[in-house]
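Shown next, in structure tokens, is the structure this report addresses.
Proteins get letters first, then strands, A, B, ... in listed order; numbering begins at 1 in each.
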Amino acid sequence: MKDKKTNFFQDVYAVVKLIPEGRVTSYGAIAAYLGAKGSARMVGWALIAAHPLTDVPAYRVVNRNGLLTGKQHFGDPNTMQHALENEGLTIINDQIQDFQKHFWDPGKELI
DNA sequence: AGCTTGACGGACT
DNA sequence: TAGTCCGCCAAGC
């Protein structure tokens, strides 16, 4: 039980995996759900490690503005945008349209 | 051992 | 309403 921080990473992966297709969430929402409220950066850092390793659809996670800030980390910037558009979302200028309508809150809908 | 950066978010001006 | 600054936590140098 000395790798507790690793557990935090696994928890992030579990929540992201539960995100339904066509839905997106924010780093802060996941962080708040895990109890790390205020430390949204840690969620982002966890996804960086998650990207090539786990099957976590990190492209469904964006910042609170619905902006694809981490698209650059998918190898090719177009990968994240194209993946979201493939799920029925509309993205213009790297920003998700109707982001709030497609928003998925783990603390409310997942519980 | 200390400083800087970073997939963010909220508060302040 | 928009732009800017500060705070949180861990990894890299």
Side-chain angles (χ1 to χ4, degrees):
Chain A
M1 295 297 184
K2 48 194 173 184
D3 294 34
K4 294 175 73 173
K5 68 176 184 176
T6 302
N7 184 22
F8 177 79
F9 276 52
Q10 294 297 326
D11 202 354
V12 174
Y13 306 154
V15 175
V16 176
K17 286 180 181 178
L18 293 173
I19 301 174
E21 296 183 12
R23 298 286 176 169
V24 289
T25 190
S26 62
Y27 306 96
I30 297 172
Y33 176 71
L34 298 178
K37 179 182 172 188
S39 300
R41 288 183 162 182
M42 299 302 88
V43 178
W45 206 267
L47 292 179
I48 294 174
H51 162 230
L53 300 174
T54 62
D55 296 331
V56 177
Y59 59 85
R60 291 180 186 158
V61 186
V62 294
N63 66 352
R64 66 161 183 106
N65 292 320
L67 192 67
L68 283 58
T69 51
K71 65 175 187 173
Q72 189 66 29
H73 288 265
F74 285 83
D76 288 320
N78 292 334
T79 303
M80 187 175 186
Q81 180 175 337
H82 193 272
L84 291 171
E85 289 182 309
N86 190 24
E87 296 192 350
L89 292 170
T90 303
I91 301 171
I92 300 175
N93 192 13
D94 299 333
Q95 183 176 341
I96 299 174
Q97 302 303 305
D98 298 311
F99 170 65
Q100 189 177 30
K101 185 166 61 177
H102 293 290
F103 185 75
W104 182 81
D105 189 336
K108 285 185 175 181
E109 303 186 54
L110 181 61
I111 205 74

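A heavy-atom distance below 4.5 Å is not found between the side chains of A:V15 and A:T25.
In this structure, of B:dG10, B:dA7, B:dG6, it is B:dG6 that holds the atom nearest to the side chain of A:M42. Distances were taken from every side-chain heavy atom of A:I48 (C-beta onward) to each of C:dC9, B:dG9, B:dA7; the shortest belongs to B:dA7. Nearest nucleotide to the side chain of A:S26, out of B:dG9, B:dC8, C:dA10: B:dG9. The side chain of A:W45 approaches C:dA11 more closely than any other nucleotide in the set B:dA7, C:dA11, B:dC8.
Straight-line distance from the NZ atom of A:K71 to the C1' atom of B:dG6: 17 Å, rounded to whole Å. Rounding to whole angstrom units, CG of residue A:D76 and P of B:dA7 are separated by 17 Å. One can place CD of A:Q95 at 16 Å from C1' of B:dC8, the figure rounded to the nearest angstrom. What separates CG of A:N65 from P of C:dT1 is a distance of 15 Å, to the nearest Å. If you measure from atom CG of A:N63 to atom C1' of B:dG10, you get 13 Å, rounded to the nearest angstrom. For the pair A:K37 NZ and C:dC9 C1', the interatomic distance rounds to 17 Å; values are reported in whole Å. The CG atom of A:D11 sits 16 Å away from the C1' atom of C:dC9 (whole-angstrom rounding). The distance between atom CG of A:L68 and atom C1' of B:dC8, rounded to the nearest whole Å, is 14 Å.
No donor-acceptor pair closer than 3.5 Å links the side chain of A:Q81 to the backbone N or O of A:T79. A:H51 places a side-chain N or O within donor-acceptor distance of the main-chain N or O of A:H73, the cut-off being under 3.5 Å.
Put simply, A:S39 has no side-chain N or O that comes within less than 4.0 Å of OP1 or OP2 on C:dA10.
Within a 6.0 Å radius of NZ in A:K17, more than 12 heavy atoms belonging to other residues, nucleotides or ligands are found.
Using a 4.0 Å heavy-atom distance criterion, A:A58 is classed as a base contact. Contact annotation for A:F74: base contact, defined as any heavy-atom pair under 4.0 Å involving a base atom.
A chain of hydrophobic side-chain contacts below 4.5 Å, direct or via other Ile, Leu, Val, Met, Phe, Trp or Tyr residues, connects A:F8 to A:V56.
A:R41 contributes a side-chain N or O that forms a donor-acceptor pair with the base of B:dG6 under 3.5 Å.
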